Amino acid sequence: MSQVRVRFAPSPTGFFHIGSARTALFNWLYARHTGGVFILRIEDTDRERNQDDYLQLIYDSLSWLGLNWDEGPGAGGDFGPYRQSERTHIYREYFEKLKAAGRTYEQDGAVYFKLLGERYEAYDDHRKKTVTKVRNAPAVIDDRIRGRVERTEDEDLVIIRSDGNPVFHFVNVVDDITMGITHVIRGEDHLSNTSKHIELFKAFGVPVPEYAHIPLILKSPEMGKGKMSKRDQGALIGDYQQRRFRPEAVVNYLALLGWNPGDDREKMPVEDIIRLFDFPGINQSNAKFDPKKLAHMNMQYVHEMSEAEFEMENVASMSTSVTTSNWVQESHFPEVLRLAHPKIKSIDEVPEYTRYFFTEDYPIDDKVRTKVLAKGDPKARLDELIAALEPADFSSDTAIEEAIKALAEGKGLGFGDYQAVARLAVTGTNAGPSITSIFRVLGRERTLGRLRRFAGTI
RNA sequence: GUCCCCAUCGUCUAGCCUGGUCCAGGACACCACCCUUUCACGGUGAUGACCGGGGUUCGAAUCCCCGUGGGGACGCCA
């Protein structure tokens with residue numbers, strides 16, 4: 001059997017979103033699984049709505065996700081050009097073929113593709129007008145995911161607009177023919193279009209490619225009904241990139257949306273996904289997007305990052321913000337990251353989580369304050385702690401722990417009686433690394449300064 | 001409205017093709033407990049689903065039909 005050639009064919013008319021990414025991913029996975037070719041083709045025939053920014057975003061997002069293309073813009077290939085705006089001569093040539101076969105006609109300045117069959121007038125309830133229908137035999141789609149699907153195409157369709165630009169259905173088919181596409185893997189929303197495409201393939205006298213219509217990604221119940229769109233919360237790939245999500249986590253999650261390896265495995269390296277990925281593992285029903293599960297997947301990948309990797313990502317992330325760019329210069333920055341790493345769920349929450357390590361200007365959580373101050377005698381505990389820490393050894397967690405434990409024991413109390421109020425004073429919250437680590441990293445001066453300052457407010 | 005696709009816990013899903021091993025398994029979320037100096041992580045456990053109705057069969061989550069529900073398409077957008 002000849003080599004598999006698949007394509008991802010986005011149009012640069014909007015932000016790159018989850019749905020497009022998943023379609024790209026499934027094509028890429030299939031190409032990698034079969035040792036085939038993954039082609040990137042830019043469908044920019046709608047000149048009005050195309051934008052260079054959106055085009056760049058497609059390249060950036062695919063690259064970020066690791067979905068490298070073998071042929072396409074920037075990669076070359078023998079079937080180019082790979083932007084439809086540069087392929088007009090090819091469309092012209094294929095249009096002439098149809099014209100020569102007597103399968104086109106002009107109307108209102110546009111060129112129509114003529115279906116074969118008897119014509120009749122009928123009222124269309126959806127468009128609220130009378131249209132010309134054609135008695136046509138159903139097109140048979142032998143779909144690798146849906147099975148045999150029949151749909152009758154019963155209206156001529158525009159293939160060249162009155163402004164001279166060819167239309168999606170036409171260029172899509174011509175490109176699939178001329179680029180030697182063997183498998184068309186795309187969203188189920190195209191299933192109804194497929195009959196149009198099959199009629200065109202037949203008119204050109206060439207065999208149709210294999211079709212695989214993958215399920216759609218729908219909004220989560222909280223987001224509403226219908227399919228996910230670029231306007232939905234969490235729909236944009238660029239957002240995850242900005243938030244420093246792990247691209248492998250996004251890929252892993254997306255792969256599981258509509259596909260599974262057939263067993264309970266979820267978190268798996270992309271090599272394994274490639275090995276196991278195939279049409280039988282793809283579901284037929286649509287899947288709702290779950291931001292929480294994606295976040296969980298991302299957390300798992302973040303936690304297994306190496307220290308160096310985690311630091312690099314955070315430096316990159318925090319350097320871009322004016323408030324945090326100074327933090328990365330601090331000598332204790334690496335140590336703070338080591339403390340935060342196992343505690344946080346995603347990289348974009350690190351700045352807020354570690355704020356008090358870098359500035360005296362950290363907020364005091366009112367709710368926590370009220371709660372902590374309501375218990376026991378916090379003022380007394382704070383004063384005792386200050387006295388005990390003044391001469392203490394701050395060089396290690398255990399040294400600090402010994403000092404506090406000795407203090408607690410002397411008063412007939414426990415470590416916990418000092419922990420909560422000390423944490424509130426020094427961090428403003430009730431969450432964070434162990435209090436001894438915080439003290440150690442902050443150092444004696446800053447720790448005592450904060451304890452004294454806070455003691456003065458209660 | 002017409003046409004097309006789909007239907008297992010709130011969500012993602014295994015099981016369905018090749019009926020019995022399923023009073024339906026895993027994961028996320030939620031709840032409880034454990035771990036613990038806080039908060040997380042982690043661990044243990046709990047709650048939670050075969051859309052409805054017919055049929056086929058000794059037996060149906062699994063096969064068939066009809067409803068219903070969900071999704072999509074119906075552009076000189078892609």
Side-chain angles (χ1 to χ4, degrees), chain A residues 9-14 43-46 48-49 84 107-112 122-128 131 138 141 143 145-147 149-155 157-169 171-172 187-196 213 215-216 218 220-222 225-227 253 256-267 280 283-297 299-300 303 340-345 353 368 372 401 404-405 408 414-420 422-424 427 429-436 438:
Chain A
S11 65
T13 54
E43 306 220 331
D44 52 355
T45 57
D46 185 357
E48 301 275 299
R49 293 165 60 209
Q84 291 184 332
Q107 193 176 84
D108 304 326
V111 175
Y112 282 74
Y123 182 75
D124 185 299
D125 205 41
H126 179 72
R127 284 170 291 179
K128 306 289 176 206
V131 296
I141 307 156
D143 196 277
I145 294 164
R146 316 268 147 198
V149 178
E150 283 188 15
R151 188 173 185 280
T152 306
E153 197 55 43
D154 62 357
E155 269 182 57
L157 54 133
V158 173
I159 53 171
I160 297 176
R161 288 188 270 261
S162 49
D163 66 4
N165 286 316
V167 164
F168 163 72
H169 301 296
V171 295
N172 188 271
E188 199 224 67
D189 49 348
H190 282 296
L191 190 53
S192 314
N193 289 329
T194 307
S195 48
K196 290 182 177 64
H213 286 93
L216 265 22
L218 270 30
S220 67
E222 304 83 60
K225 299 179 112 187
K227 69 170 173 173
Y253 174 74
L256 259 16
L257 224 44
W259 172 85
N260 69 78
D263 56 30
D264 291 340
R265 293 187 67 190
E266 293 202 336
K267 180 171 176 297
N283 283 90
Q284 310 195 337
S285 48
N286 296 337
K288 294 193 173 80
F289 177 72
D290 183 359
K292 289 213 178 85
K293 189 146 185 172
L294 205 203
H296 181 262
M297 185 68 81
M299 178 196 73
Q300 294 184 65
H303 282 176
H341 191 176
K343 302 285 218 164
I344 52 92
K345 298 183 187 214
Y353 192 82
V368 176
V372 170
E401 190 175 339
I404 299 175
K405 277 192 172 153
F415 191 106
D417 293 305
Y418 294 92
Q419 188 271 145
R423 179 181 296 279
L424 174 65
T427 75
T429 78
N430 63 344
S434 77
I435 193 67
T436 51
I438 296 173

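Just so it is clear: chains get the letters A, B, ... in the order the sequence lines come, proteins before strands, and each one is counted from 1. Remember, predicted model here, so these are calculated numbers, not experimental data.
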Asks: Anything under 4.0 Å to a heavy atom of chain A counts; send over the first and last such nucleotide of RNA chain B, read 5' to 3'.
Replies: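 In short, chain A contacts RNA chain B from G1(B) to A78(B).
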Asks: Whom does A7(B) pair with, Watson-Crick or G-U wobble, provided both distances fall under 3.5 Å?
Replies: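 Pairing partner: U68(B).
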Asks: Classify the glycosidic conformation of C41(B) as syn or anti, calling it syn when the angle lies within 90° of 0.
Replies: syn
Asks: Sequence neighbours left out, what passes side chain to side chain donor-acceptor pair (under 3.5 Å) with Arg151(A)? Give chain and number order.
Replies: Glu153(A), Ser195(A)
Asks: With sequence neighbours left out, what residues match Val372(A) under side chain to side chain contact (heavy atoms under 4.5 Å, CB included)?
Replies: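 Listed in chain order: Val368(A), Ala420(A), Val421(A), Leu424(A).
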Asks: Closest nucleotide of RNA chain B for His190(A) versus for Arg127(A): which of these residues is on the 5' side?
Replies: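 The residue mapped nearer the 5' terminus is Arg127(A).
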Asks: According to side chain to side chain donor-acceptor pair (under 3.5 Å), who are the partners of Glu222(A), at least two apart in sequence or on a separate chain?
Replies: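 Applying side chain to side chain donor-acceptor pair (under 3.5 Å) to Glu222(A) gives Ser220(A).
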Asks: Applying a 3.5 Å limit to both distances, which nucleotide forms a Watson-Crick or G-U wobble pair with U62(B)?
Replies: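 U62(B) is unpaired by these criteria.
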Asks: Using the P atom in both, what is the distance from G43(B) to G48(B), to the nearest Å?
Replies: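 Going atom to atom, P in each nucleotide, I get 23 Å.
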Asks: Is it the case that the side chain of Thr429(A) and the backbone of Ala431(A) share a donor-acceptor pair, with hydrogens and angles ignored and the cut-off at 3.5 Å?
Replies: yes
Asks: Can you tell me how far P in C17(B) sits from the matching atom in U36(B), rounded to whole Å?
Replies: 50 Å
Asks: For C9(B) and G52(B), measure between their P atoms and round to the nearest Å.
Replies: 10 Å
Asks: Excluding sequence neighbours, so at least two apart, what forms side chain to side chain donor-acceptor pair (under 3.5 Å) with Ser434(A)?
Replies: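 Once residues adjacent in sequence are excluded, the partners of Ser434(A) under the side chain to side chain donor-acceptor pair (under 3.5 Å) criterion are Thr436(A), Ser437(A).
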Asks: Please list, one pair per line, the donor and acceptor atoms closer than 3.5 Å that link side chains of residues 285-292 of chain A to other protein atoms, with sequence neighbours excluded.
Replies:
| residue | atom | partner | partner atom | Å |
| --- | --- | --- | --- | --- |
| Asn286(A) | OD1 | Leu216(A) | N | 2.8 |
| Asp290(A) | OD1 | Lys292(A) | N | 3.0 |

Asks: On RNA chain B, check which nucleotide each of Thr13(A) and Val149(A) is closest to and give me the residue with the more 5' one.
Replies: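 It is Val149(A), whose closest nucleotide lies nearer the 5' terminus.
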Asks: Please give the nucleotide sitting opposite G45(B) as a Watson-Crick or G-U wobble pair, both distances under 3.5 Å, or none.
Replies: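 Paired with G45(B), as far as the under-3.5 Å criterion goes, is C31(B).
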Asks: What integer number of Å spans the P atoms of C64(B) and G19(B)?
Replies: 12 Å
Asks: Checking base pairs now: Watson-Crick or wobble, both atom distances under 3.5 Å. What partners C39(B)?
Replies: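 WC or wobble partner does not exist here.
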